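Take a look at the structure set out below.
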Amino acid sequence: MLEKSVLITGGSRGIGRACALLAARRGWRVAVNYARDEAAAHEVVMAIRAGGGAAEAVRGDVAVEADVLAMFATAERLAPLGAVVVNAGIVAPAARLTEMTAERMARMFAVNVLGSYLTAREAARRLSTRLGGAGGSITFVSSAAARLGAPNLYVDYAGAKAALDTLVKGLSIELGGDGVRVNGVRPGLIVTDIHASGGEPERAFALGASAPMGRPGQPEEVANAIVWLMGEEASYVTGALLDVSGGR
Ligand code: NAP
């Protein structure tokens, strides 16, 4: 087992869960963050331990600074921090901008933008060799929506994800000489529960068929890209945005 921990925000379900399981198989000790669904987080932790790995669940809202600090404390109890996957994200029911309430937009940006920036800041503070850290990686889970704009669905979500792409660019340069690689993946339509939370459980299957590859993606296919970017095999990759979207 590596003597390194990884914090995965939203590591209890969907893409984050697949990352947690794969990272553990690669020897990482995994802090599995979740917001509400304790049973799902527990299931991931138990699966990792059953495979001989080390994991802890940590409840917390990425939009709340104190919760983010607690997530890092959990990861650091497992082993010195080596990587962070900035994955937690939300959507909302399909709407045009003219129909969106301020409350909806505030929550969208609080979780997807502020939450990601807070998580990345705490990661940089701990990993940066300039600040006494040992180096490592930060990998963001953006979305193809950042390129496509998500008209008539959620332009708020698309803009929030575009902010992450810009942060990958800027932060990768800020931390380029500090031993921290910063990258992002942009998943397309992936089969997870997020579509149900946006009111369209069949969305990945319905629209995935129209992707050039003719199908939606599986969370494990995104996790393969994330865990590669996160680890030493990608030692000269920083500032990259990798589309994992079946050509969409
Ligand atoms: P998901 O199945 O809905 O899982 C979301 C995860 O994030 C859960 O573990 C959830 O925990 C956690 N979470 C939600 N709000 C949180 C908060 N405020 N603080 C901490 N954790 C929170 O989603 P997914 O489809 O795997 O999506 C993961 C990431 O991929 C998101 O950033 C999403 O935008 C992005 N993405 C997904 C797709 C897709 O088609 N699925 C496509 C492009 C990008 P609880 O269960 O406890 O609430």
Side-chain angles (χ1 to χ4, degrees), residues 7-21 30-45 57-72 74 84-92 106-120 139-148 150 153-154 156-165 167 184-208 211 215-223 225-226 241-246 248:
L7 167 63
I8 302 175
T9 64
S12 57
R13 292 191 294 113
I15 292 168
R17 175 182 183 277
C19 282
L21 296 175
V30 188
V32 178
N33 159 246
Y34 68 102
R36 284 166 299 272
D37 189 343
E38 187 175 6
H42 184 70
E43 183 269 329
V44 175
V45 167
V58 54
R59 184 178 206 133
D61 181 346
V62 290
V64 176
E65 187 175 23
D67 288 7
V68 174
L69 296 177
M71 294 171 205
F72 279 88
T74 298
V84 176
V85 180
V86 185
N87 168 73
I90 55 168
V91 296
R107 186 64 186 156
M108 186 72 79
F109 289 114
V111 174
N112 293 351
V113 182
L114 176 65
S116 297
Y117 271 67
L118 286 173
T119 307
T139 309
F140 290 88
V141 183
S142 171
S143 172
R147 288 186 281 106
L148 300 171
L153 281 173
Y154 22 67
D156 49 353
Y157 172 83
K161 292 298 188 180
L164 300 192
D165 291 1
L167 181 58
V185 299
R186 285 191 297 219
L189 291 154
I190 311 300
V191 180
T192 74
D193 295 340
I194 202 170
H195 308 288
S197 66
E200 291 183 75
E202 295 305 316
R203 186 171 130 72
F205 290 104
L207 286 180
R215 65 171 178 86
Q218 295 298 325
E220 292 75 17
E221 296 180 288
V222 185
I226 294 170
L241 288 167
L242 180 53
D243 291 316
V244 186
S245 57
R248 187 162 174 262

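We're numbering straight along the sequence, starting at 1. Atoms within each ligand, like the ligands themselves, are counted from 1 in listed order. Source: prediction; values computed, not measured.
No more than 12 heavy-atom neighbours from other residues, nucleotides or ligands sit within 6.0 angstrom of CD on E38.
One N or O on the side chain of T9 and one on the backbone of N87 form a donor-acceptor pair closer than 3.5 Å.
Under the side-chain hydrogen bond (donor to acceptor under 3.5 Å, both in side chains) criterion, R248 pairs with no residue at all, not counting sequence neighbours. Every residue two or more places apart in sequence or in another chain that forms a ring-ring contact (aromatic ring centres under 6.0 Å, His included) with Y157 is listed here: Y154. With sequence neighbours excluded, the residues that form a side-chain hydrogen bond (donor to acceptor under 3.5 Å, both in side chains) with S142 are D165.
Listed by chain and number, residues touching ligand 1 at under 4.0 Å (heavy atoms only) are G10, S12, R13, G14, I15, N33, Y34, A35, R36, D37, G60, D61, V62, N87, A88, G89, I90, R107, V111, V141, S142, S143, Y157, K161, P187, G188, L189, I190, T192, D193, I194, H195.
A salt bridge between D61 and R107 is present, with a side-chain N of the basic residue lying under 4.0 Å from a carboxylate O of the acidic one.
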